[in-house]
**Q** 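Take this structure, written in structure tokens, and hold onto it; I'll ask about it next.
Chain identifiers are assigned alphabetically (A, B, ...) following the order of the sequence lines, protein sequences preceding nucleic acid strands; residue numbering begins at 1 within each chain.
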Amino acid sequence: MRRYTPKDDVQKKPYYTDRYWVAPQVPKYPVEEDEVFAEDLKAIKKKFKVDDAYIQVEQMVVYIRSEDNFGVLQLMRDELGYTQLSELSAIDRLAERGQFEVFYQMLSMQKRKRVRVKMLIDEHEAVNSVEKLFRSADWAEREMYDMFGIKLNNHPFPKRILMPDDWEGFPLRKTYPLQGDEFAAWYEVDKIFGKEARDIIGPELRDSAMVDRYDTKRFARLGHEVPYGAEFKADQPETPLGYQEEEGVFMIEKFDEEKSVVISDRDR
Amino acid sequence: MAQHQVNYAQDGGLPVALTTVDKVVNWGRSNSLWALTYGLACCGIEMMASGASRYDFDRFGTIFRASPRQAELMIVAGTLTKKHAEFIRRLYDQMTEPKWVISMGSCANTGGMFNTYATVQGVDRVIPVDLYLPGCAPRPETLQYAVMMLQKKIRREKAIKAQKPKRLM
């Protein structure tokens, strides 16, 4: 397994250090520019506290308090006509500000508008489930728990959805290594054969460009094959590959290439 | 009159072929390789095409079975995830001896392009593999060729010796 370097501060480090380079920003516009969104925002502000709101790429983004999420979504569904919750997930901002950003992507078919409701939660804070309002939130919230470890209040079946039930770690967190931690690297070996088998089976081969022509346990030379694990000799005689033995096979007629017909007309 | 007459004049006048028990048993085994349907990803589509009428696996005696108890060949066609690894092991154990495994495609061979936390980096970490078939995804002809190479391998085996159970470790 490759050496694991902690990635707790990975978001603080820029990959690209050109001091004249300015990251492009999608422009934000005030909500007042769109009448429909302005009305919606007024209705939300009447009952709930809104931290920030703006329009980005023709969608309204509203930042709310995390304890209000059920109420805001209920208001939007029942009174503002946003009857669909098309997506729900989280963004890992733990390194940046120690918080997760949870977003709810809402769609109104009557108004032909989309609104993104966002809220910031602390790392160990539980979120109110909106499964009672939108059935689509059921699996999306389970996935959010599976990938980020965000716990849910009042969810009917708060269980992992993609990863195995006995999995350790939350793969979509920025601190999780792409090729897996030690638990992930040995997961199938530990589960099927037990930890004792680690030495016998060996670590995963993660270098996809690795080629070793002298390793006869992992690599073969087409046309110059030797038995598994045998010593490789430089003057290995050629051993032509064929699907049948030269002397023919019992009760099976050998295919004669001379007699075969090549079909060039595909529509035949 | 029968359409296909036995030519009693050939082979000294007897409708007999002389051979060894090994050859007869291996002939039977290699020409009735019933495969377990094991399509895990896009390679499974190519495996299905191989079984369908154009490429026609039935003429090799390779018939896909949905039960490991009736199968002796496992074609692992596709990406094996870590979540699924224990089930492939269980299904392999449920197959009756003698049994063979073809690892079909890059993902089953080495994990392929899925160099991530959730993919098993080669099915040979979990079950013993007889034949590795390269390609992404291999065409049906390639899978046919692999089955024929496996038949060749089976023909080389001793049929009567005590079958040593295949184990990875």
Side-chain angles (χ1 to χ4, degrees), chain A residues 1-2 146-147 160-172 176-194 196-210 217-220 222 228 241-252 255, chain B residues 17-20 22-28 30-31 60-61 80-90 92-93 106 109-132 134 144-156 167-169:
Chain A
M1 202 178 141
R2 71 179 181 146
D146 194 356
M147 291 291 143
R160 280 186 187 270
I161 191 167
L162 292 169
M163 303 310 293
D165 291 345
D166 55 351
W167 193 262
E168 279 174 24
F170 301 103
L172 229 53
Y176 195 88
L178 173 64
Q179 297 181 339
D181 51 13
E182 200 197 334
F183 172 84
W186 295 103
Y187 176 76
E188 75 274 17
V189 174
D190 287 355
K191 190 157 191 189
I192 296 169
F193 303 107
E196 314 83 75
R198 284 187 181 193
D199 294 337
I200 303 164
I201 292 173
E204 290 175 322
L205 177 62
R206 285 289 186 173
D207 183 2
S208 52
M210 193 189 113
K217 287 184 176 172
R218 283 202 185 124
F219 298 96
L222 287 179
Y228 178 82
L241 278 177
Y243 66 88
Q244 255 181 28
E245 292 83 345
E246 277 303 305
E247 64 271 21
V249 182
F250 172 62
M251 288 181 75
I252 293 170
F255 169 70
Chain B
L18 293 176
T19 184
T20 60
D22 271 3
K23 277 189 180 172
V24 174
V25 172
N26 282 337
W27 169 76
S30 64
N31 289 297
F60 297 101
L80 181 67
T81 57
K82 301 224 172 187
K83 193 180 186 178
H84 194 79
E86 59 171 315
F87 307 119
I88 203 171
R89 180 73 216 186
R90 191 184 299 172
Y92 177 79
D93 287 341
S106 297
N109 291 341
T110 64
M113 65 175 185
F114 298 103
N115 197 358
T116 63
Y117 59 91
T119 308
V120 176
Q121 301 294 303
V123 285
D124 53 1
R125 289 179 66 75
V126 182
I127 55 175
V129 174
D130 289 288
L131 207 137
Y132 298 88
Q144 271 182 9
Y145 191 71
V147 170
M148 288 164 93
M149 292 295 282
L150 184 67
Q151 286 180 333
K152 190 179 168 188
K153 183 186 175 177
I154 293 167
R155 284 197 293 266
R156 281 205 307 269
R167 295 284 180 270
L168 193 64
M169 42 169 289

**Q** List the atom of A:E204, the atom of B:T119, and the distance in Å for their closest heavy-atom pair.
**A** OE2-O, 4.3 Å
**Q** Taking the side chain as C-beta and beyond, is there a heavy-atom pair between A:Q179 and B:Q121 under 4.5 Å?
**A** no
**Q** Roughly how far, to the nearest 0.5 Å, is the CZ atom of B:R125 from the CH2 atom of A:W186?
**A** 6.0 Å
**Q** Mind listing the closest non-hydrogen atom pair of B:A118 and A:M163 along with its distance?
**A** CB-CE, 4.2 Å
**Q** Examine distances only and state if a side-chain atom of B:N115 and a backbone atom of A:R206 form a donor-acceptor pair shorter than 3.5 Å.
**A** yes
**Q** To the nearest 0.5 angstrom, please state how far the CD atom of B:Q151 sits from the CD atom of A:Q244.
**A** 9.0 Å
**Q** Side chain, backbone, both or neither: which part of A:L205 has a non-hydrogen atom closer than 4.5 Å to chain B?
**A** backbone
**Q** Nearest heavy-atom pair of A:Y187 and B:K82: which atoms, and what distance?
**A** CE2-O, 3.4 Å
**Q** Return the CG to OG1 distance between A:D207 and B:T110, rounded to the nearest 0.5 Å.
**A** 11.0 Å
**Q** What I want to find out is whether A:E245 reaches B:K23 closely enough, with some N-O distance under 4.0 Å, to be called a salt bridge.
**A** no
**Q** Identify the heavy atoms of A:E188 and B:A85 that sit nearest to each other, and give their distance.
**A** CB-CB, 3.6 Å
**Q** Using the six-membered ring wherever Trp is involved, compare the ring planes of A:W167 and B:Y117 and label them parallel, tilted or perpendicular (cut-offs 30° and 60°).
**A** tilted
**Q** Using a cut-off of under 4.5 Å on heavy-atom pairs, state which of B:Y132, B:Y145, B:F114 scores highest against chain A.
**A** B:Y145
**Q** Test your reading of the model: is there a side-chain donor-acceptor pair from B:K83 to the backbone of A:L162, 3.5 Å cut-off?
**A** yes
**Q** What part of B:N26 is in contact with chain A, defined as an atom under 4.5 angstrom from a non-hydrogen atom: side chain, backbone, both or neither?
**A** neither
